[in-house]
Amino acid sequence: MHARLLALIASSMLLAGGAAAPDGADGFPHRPIHIVVPFPPAGPTDILCRVIAQRMSEDWSSPVVIENQPGANTAIAAARVARVVPDGYTLLAAMDVTLVLNPLINRALAYDPLKDFAPITLASRNTSLLSVRAADGRRPSPSSLRAPRPIPASSTMAPAS
């Protein structure tokens, strides 16, 4: 199952809820499309989805609405999208957390990433970096990463997304 989850995340980011194609694609869409973003507004996923939604709206001459629903490590939004009617009008901006990590750490999820979603497209790729200020004169090396040392009180560390 884990290999299938990894293959799914490697090939998808925007997912259709309910794992089904829209019925009667003639004239699709007939009403607004909703993209559920499992993060607060103004973050990278939200901004990317707003750019995609703008283009979808222009191409289809139909509104595309972004709905931010953060919480529970993306599981709240995923569970909500999994419960909607599978008509192609509700999409989920899924992440590796949604499709791979949540199922690994929580066996009682309200969604199944393999059964409840159908992949549409890979919308982005990202790279995680560990960095230091150049002015500090530090240059991380494999040996310095293996041998942690006390962090001076004047240092600050923070996650960023």
Side-chain angles (χ1 to χ4, degrees), residues 1-132 140 145 156-161:
M1 178 172 149
H2 300 301
R4 288 180 62 203
L5 283 173
L6 291 174
L8 181 62
I9 187 59
S11 65
S12 64
M13 183 203 165
L14 281 179
L15 302 172
D23 291 331
D26 292 337
F28 181 84
H30 303 291
R31 62 181 196 269
I33 292 173
H34 295 257
I35 300 176
V36 179
V37 177
F39 298 102
T45 304
D46 176 67
I47 292 168
L48 174 65
C49 287
R50 289 179 189 279
V51 169
I52 292 170
Q54 174 76 32
R55 182 59 186 261
M56 288 171 63
S57 183
E58 290 168 1
D59 287 351
W60 285 343
S61 299
S62 182
V64 179
V65 179
I66 299 295
E67 296 181 22
N68 298 89
Q69 188 169 23
N73 212 24
T74 74
I76 293 172
R80 176 179 153 216
V81 173
R83 289 189 306 265
V84 300
V85 175
D87 57 8
Y89 285 93
T90 304
L91 310 177
L92 173 66
M95 313 301 287
D96 55 349
V97 168
T98 314
L99 303 174
V100 179
L101 298 177
N102 283 349
L104 292 174
I105 62 174
N106 184 354
R107 301 283 182 202
L109 283 176
Y111 66 92
D112 181 325
L114 297 175
K115 294 177 184 173
D116 293 332
F117 306 112
I120 297 172
T121 190
L122 176 64
S124 72
R125 293 183 186 190
N126 67 1
T127 303
S128 298
L129 302 172
L130 177 62
S131 61
V132 295
L145 294 175
T156 3
M157 296 175 25
S161 61

Close side-chain approach of [X] to [Y], heavy-atom, < 4.5 Å:
{"X": "M56", "Y": "I33", "result": "yes"}
{"X": "V36", "Y": "R80", "result": "yes"}
{"X": "D87", "Y": "R31", "result": "yes"}
{"X": "I76", "Y": "P38", "result": "no"}
{"X": "I66", "Y": "D46", "result": "yes"}

### Whether Y111 side chain and A77 backbone form a donor-acceptor pair below 3.5 Å
no
### Message
Please check: side-chain N/O of N106 versus main-chain N/O of N102, any donor-acceptor pairing under 3.5 Å?
### Response
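Side chain of N106 to backbone of N102, a donor-acceptor pair under 3.5 Å: no, none is there.
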About how many Å separate [atom2] of [Y] and [atom1] of [X], when rounded to the nearest 0.5 Å?
{"X": "M95", "Y": "F39", "atom1": "CE", "atom2": "CZ", "value": "4.5 Å"}
{"X": "L99", "Y": "L92", "atom1": "CG", "atom2": "CG", "value": "7.5 Å"}
{"X": "I120", "Y": "L91", "atom1": "CD1", "atom2": "CG", "value": "4.5 Å"}

Where is the tightest heavy-atom contact between [X] and [Y], given as atom of each residue plus distance?
{"X": "A78", "Y": "T98", "answer": "CB-CG2, 3.6 Å"}
{"X": "D116", "Y": "D112", "answer": "OD2-N, 2.6 Å"}
{"X": "I47", "Y": "A42", "answer": "CD1-O, 3.5 Å"}

### Message
Out of the candidates S57, S62, P63, only one should pair with P29 under the side chain to side chain contact (heavy atoms under 4.5 Å, CB included) rule; please name it.
### Response
S62
### Query
Where does the angle between the aromatic ring planes of Y89 and F28 fall among parallel (under 30°), tilted (30 to 60°) and perpendicular (over 60°)?
tilted
